[in-house]
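Just so it is clear: chains get the letters A, B, ... in the order the sequence lines come, proteins before strands, and each one is counted from 1.
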Amino acid sequence: MSTTSTEISNRFDYESAQPRLLELWNAGGYFHAEPDPQREPFCIVIPPPNVTGALHLGHALNNTLQDTLIRFNRMCGKVALYMPGTDHAGIATQAVVERRLKEKENVTRHDLGREKLVARIWQWKDEYEKRILGQLARLGCSCDWQRTRFTLDDMCARAVRVTFFDLFSKRLIYRGKRLVNWDTFLQTAVSDDEVTTETVQGNFWHLRYPVINPQAGEPEFVLVATTRPETMLGDTAVAVHPDPTAALDAHERELRERLEKSPAAERPAIESQLVALQERRSELLPRLITLANMARAGRSIRLPLLDREIPLVTDTWAKPELGSGCVKITPAHDPNDYEVGMRCKLPMINILNSDGTLNAAAGKYQNLTLKKARQQVVADLDELGLLDRVEDREIELPLSDRSKTPIEPFLADQWFVKMAELAQSAIDAVADGRVNITPARYAKGYTDWLSEKRDWPVSRQLWWGHQIPVWSKSFETLAAAQATLDAVQKHSAYTQGAQIQLEQPPTDDAIADGASQFFLHCCLRDEQHALAAVIESQGFVRESDVLDTWFSSALWPHSTLGWPDKTAELDYFYPTSTLITSRDIITLWVARMVLMGLNNVGEVPFHQVYIHPKILDGFGETMSKSKGNGIDPLDVIDKFGPDALRFAMVHLTTETQDVRLPVQYECPHCQTAIDQTKKNRELPRIECPSCKKSFGTQWATTAEDQALPRGLVISERFEVARNFANKLWNAARFAMMRMEGYTPQAIDVQKLTVEDRWLMSRLATVAAQATAGLQNFAFADTARTLYEFTWQEFCSFYVEMLKDRLNDEAQRPQAQRLLAWALDCILRLLHPIMPFITEEIWQLLKSIAPMRGFDKPVAANPVLITAAWPKLDPAWCDPLIESQFSLFQAALSALREIRARQNIAPRKEVEFVIRCNAEIAAKLQPLASYFPSLAGGQLREIGPNVSIPQPSATFAERDFEIFVDLTGLIDFGAEIKRLEKEHAKIIGAIQGKQSKLGNEKFVASAPAEIVQRERDGVRQLEEQLQTIIVALTALRKN
RNA sequence: GGGCGAUUAGCUCAGUUGGCUAGAGCGCUUGCCUUACAAGCAAGAUGUCGGGGGUUCGAGUCCCUCAUCGCCCACCA
């Protein structure tokens, strides 16, 4: 590409540059990382995005931070590996595809069958993986694409099987019956994390269960209440508190304590509860005591409709202060009842089929749906006179996050990972600092969650995922099981690649649904194991369940590097360097990666975890497609450019807060930005208030609305970053336009001017700050520092000041070299955040000033992506030069302000004097020649004894006073007004300081340095005041 | 109910270990198409730092408390 300076456009055309630059980087193989023992590794694994859909702005933030660190470390000379990939996201993806099939083709997964459905999901995965990887590329993520992984690909699948086998062999995996959250639509168990609750209007049914053979003084009925009356078909007991008196006493104490602590407004409510409690004591307590005694005597209740005899039991779950004090117990369909069932060794009767209809255990209600069964049960009980009453009531309905259908608690066979030891290992890793979490406050949630050490249910009744590598067979007798076990173990294929375990028979009274009591579970390390065929021929059947998607994600840092093989990659890049993720998956993902890494590899998966903020909309709500407030990163890239998106993301990443991003629609007709409100974000079409034309939104469903052009969802917040990119572009453009005749040569240090030394000092400081910032995850600080430096210091001062020298033939060569060098440094500093625009400029600069450098010009690295990160000699940092320059900047501002306030025509040059001490004068003198070009002022005199022009405008600073000669120009009114205001302000400041100094305690206790500072302050302010008074007096005479 | 975080200019946010007259960007006002940039330049206005207590010579910053908002976790027939 041969570009001459004059051809450079005044806008960076990212649209055409992006593909070209990506090709440049790809062709050079710069994203690819190979182990190199000579160099230090740096590795980040991407949190694999779900293949459920396209990336959103949260991903853009996440991935930008990762790539920024990758690029930074690559420039620092490390072998930087950014490992890309996607997650199969089990239930989420299957749910999306199933929903799509239902909508578009009206088929269910049962119509298709397992194989075909899985094939369809693979199609979906291919499509979205491509889309996601494309998005990452357009974000500029310098991922090693050759290593792209998928949590369900062969490599990950092998790691999953080996891990499962290992845990199984260590007896850390077991099968058990557990109550799970059943999604009747997807027909799978979903984890607690995938359940949301919604408050809905429901009913509260009060039922009467007859007591069998009531004796004198005993109640004929027990009264129980439920929000789900159909579950009574699975009742196996009614519970009452073992000691209702004590329980009521305890409750009363608690109420009284609360009464004392509560504010007055809440007291009446508590007091009325206390009154109710007393009523309860007289009316209900005797009856509860009787029932508790009956329970101890082994008495029973008749379960209506099914005519089953069920025991009356005592359990503290039944609270005497609530309802009737009695609770129906349905162990197979309620989590709390399940606990009671375990404690009281109750039978557990499952009344549900997996599709949500009732099974044979429900008697005549078999095959009814839950909804129908509820109506029927209620009607039948009512007819029998056993329905006491019905209340309306708000109830919390658990819903499956994926299918939005109500969750049914359901007893099913599930596989579990024992967490006790594994969790402890992960707790220890953070406690002893092998894993460091930033910000530190997130370590608490991590540790608390792990400390519960709750076993991890890992099986999912899905078709999309890693099928559990276990083959099982049931046996009537232990002997039969043992015989088969012996036979299999004798088989030649039975080697270390297989493990068979005998499942202990369940306790007699626990389960009522299976005849077989003994199970052999054969776990295979490798699916292809010859033993699979053997055991299948013996009647073993493979588990149809798949593993929780987090099981494979937990292995991500080592499975992607080739584990279980001892690959060079694993050896070199593991443990990875930094994990960057969002806080909502610290437990689900981060904790599990730590414990699996420790178990499988024996080392933590990463040393640093950085938790970044979340992006919220202007109302503080999380962005999501379902709300319509989500921003598509590609829309932002189209409108503002990839560098602006990235810079904005880094700029937003502060340590303390989540980030609010007010969202706008962009009218596709006239580009007007329309603020998104909670109302208009739900509309299918919106009329632009400016051009009055309509556009469609993501909610457009009618053909008419869909035909309208779609309005982008964007945020004006990206404008800052876009403007910054433009500024950088034009500064570079200017520099390159003035490079004509450039010759490389070492900088002549003798000829460095004050501003050169100032720039070097600032550059050295800024480079050090940026380095430290990126090392310490101070993303926003780094972005701010670079922004300020580039715009204010480099563009507004240095480049402006350099213009004179560039126009002067004698000074031009060194000025060009300095300019090229400074730009070179800035490009390198900004590259990790803004890769495209900086690389584009680098390429252009290469053809104009290929050799550059400060001490010795060298050929610039062919590409910026692998250029060395700037390291400037700290000796360049010079506080004296910087203070000298600050003085100059203050003088410039003062001069400019006077011009503005006096409304002096821009081209009109004025003359001025500066009154100051000799020391200040000596500092300002060398910069005096810049006043005409930068502020249209000619410095006539400077020093302690200058003659003050009359009439003049005055500006009193701490270190100097400026008087601008305004002969024939002055606006007396404006000047007086402004000085009066200044006068009042200074008086205020003086008073503040004097009252401080008048305080003996302050003078006595504050450090001498602080006291002195206050004294100096007063003196300086008084001098300023004096100047103003003199000026005012003079002006008022006119 | 338990935990975490937030509350600073109209909006979005900075503000290091307490210490000069609390900052930035956007928006607003004024003047400029100054040969890199109007996506720009120069200047200006804008604050009871959520309320109330306390510690201190001194509090946006530390402590207590209240209020509001957000997030995570655990939850009642």
Side-chain angles (χ1 to χ4, degrees), chain A residues 8 10-11 192 197 204-206 224-228 231 239 263 317-319 322-330 334-337 396 439 441-442 444-445 448-449 452 583-584 586-587 614 616 618 620-622 640 644 651-652 654 656-662 715-717 719-738 780-781 784 787-788 795-796 799-800 803 892-893 896-901 903-907 933-936 958 985-986 988-990 992-993 996 999-1007 1009-1011 1013-1014 1016-1017 1020-1021:
Chain A
I8 303 172
N10 70 347
R11 291 283 149 83
D192 291 348
T197 56
F204 202 42
W205 285 270
H206 296 258
V224 294
T226 180
T227 55
R228 298 189 304 150
T231 63
W317 167 242
K319 309 276 184 236
L322 291 174
S324 68
C326 298
V327 193
K328 66 192 265 307
I329 303 297
T330 320
D334 181 280
N336 292 302
D337 292 6
E396 299 289 319
R441 63 174 178 279
Y442 292 116
K444 187 175 156 46
D448 288 352
W449 185 81
E452 291 182 21
R583 78 173 95 86
D584 35 12
I586 294 173
T587 53
K614 296 183 72 149
L616 311 173
E621 295 178 18
T622 48
F640 299 101
H651 194 257
L652 289 175
T654 58
T656 48
Q657 304 223 70
D658 286 345
V659 171
R660 281 190 194 209
L661 211 60
S715 174
E716 288 175 337
R717 255 139 256 246
E719 284 178 7
V720 185
R722 190 257 327 253
N723 295 353
F724 178 56
N726 185 55
K727 187 73 184 177
L728 175 68
W729 180 256
N730 278 288
R733 179 165 163 255
F734 170 80
M736 291 188 282
M737 283 164 65
R738 298 301 184 90
D781 283 352
R784 265 171 238 275
Y787 176 97
E788 286 298 317
C795 291
S796 295
V799 169
E800 289 304 321
K803 282 178 180 172
L892 268 184
S893 295
R896 284 166 172 172
E897 199 207 309
I898 289 171
R899 293 188 62 110
R901 122 169 68 113
N903 233 338
I904 292 165
R907 297 274 168 72
S933 58
L934 296 184
R958 199 181 62 187
K985 205 171 146 190
I986 291 177
I990 290 175
K993 286 183 185 304
K996 239 184 190 179
N999 182 343
E1000 279 173 32
K1001 282 187 184 168
F1002 171 71
V1003 180
S1005 340
E1009 183 193 319
I1010 301 291
V1011 177
R1013 203 187 289 170
E1014 292 298 312
D1016 292 348
Q1020 281 157 356
L1021 285 167

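RNA chain B forms stems at B:1-7 with B:67-73, B:10-13 with B:23-26, B:28-32 with B:40-44, B:50-54 with B:62-66, each a run of 3 or more consecutive Watson-Crick or G-U wobble pairs whose two key distances fall under 3.5 Å.
Of the candidate nucleotides rA42(B), rC13(B), rC71(B), rC13(B) has the atom lying nearest to any side-chain atom of Thr654(A). Distances from the side chain of Lys727(A) to the nucleotides rU12(B), rA42(B), rA36(B) place rA36(B) closest. The side chain of Glu800(A) lies closest to rA36(B), out of rA36(B), rC13(B), rC11(B). Listed nucleotides: rA36(B), rU12(B), rA42(B). Nearest to the side chain of Asn730(A): rA36(B). Comparing rA36(B), rC11(B), rA38(B) by their nearest atom to the side chain of Arg11(A) picks out rA38(B). Of the candidate nucleotides rG5(B), rC37(B), rA43(B), rA43(B) has the atom lying nearest to any side-chain atom of Glu897(A). Side-chain atoms of Asn336(A) lie closest to rC76(B) of the nucleotides rA36(B), rC76(B), rG44(B).
Under the ring pair (Phe, Tyr, Trp, His ring centres under 6.0 Å) criterion, Trp729(A) pairs with Phe12(A), sequence neighbours left out. Residues passing the side-chain hydrogen bond (donor to acceptor under 3.5 Å, both in side chains) test with Arg660(A), sequence neighbours excluded: none. Looking at residues two or more places apart in sequence or on another chain, you find no salt bridge (charged side-chain N to carboxylate O under 4.0 Å, His left out) involving Arg722(A). Not a single side-chain hydrogen bond (donor to acceptor under 3.5 Å, both in side chains) links Asp334(A) to another residue, sequence neighbours left out. When the side-chain hydrogen bond (donor to acceptor under 3.5 Å, both in side chains) test is applied to Ser715(A), no partner is found at least two apart in sequence or on another chain. For the salt bridge (charged side-chain N to carboxylate O under 4.0 Å, His left out) test, no residue two or more places apart in sequence or in another chain qualifies with Glu719(A). Phe724(A) is linked by a ring pair (Phe, Tyr, Trp, His ring centres under 6.0 Å) to Phe647(A), Tyr787(A), counting only residues two or more places apart in sequence or in another chain. Under the salt bridge (charged side-chain N to carboxylate O under 4.0 Å, His left out) criterion, Lys803(A) pairs with Glu800(A), not counting sequence neighbours. Under the side-chain hydrogen bond (donor to acceptor under 3.5 Å, both in side chains) criterion, Tyr442(A) pairs with Arg583(A), not counting sequence neighbours.
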Starting at the 5' end of nucleotides 19-35 of chain B, put B wherever the base has a protein heavy atom under 4.0 Å, S where only the sugar-phosphate does, and a dash everywhere else. BSB--SB--------S-

Using a cut-off of under 3.5 Å, enumerate the N/O to N/O pairs linking the protein to nucleotides 59-61 of chain B.
none

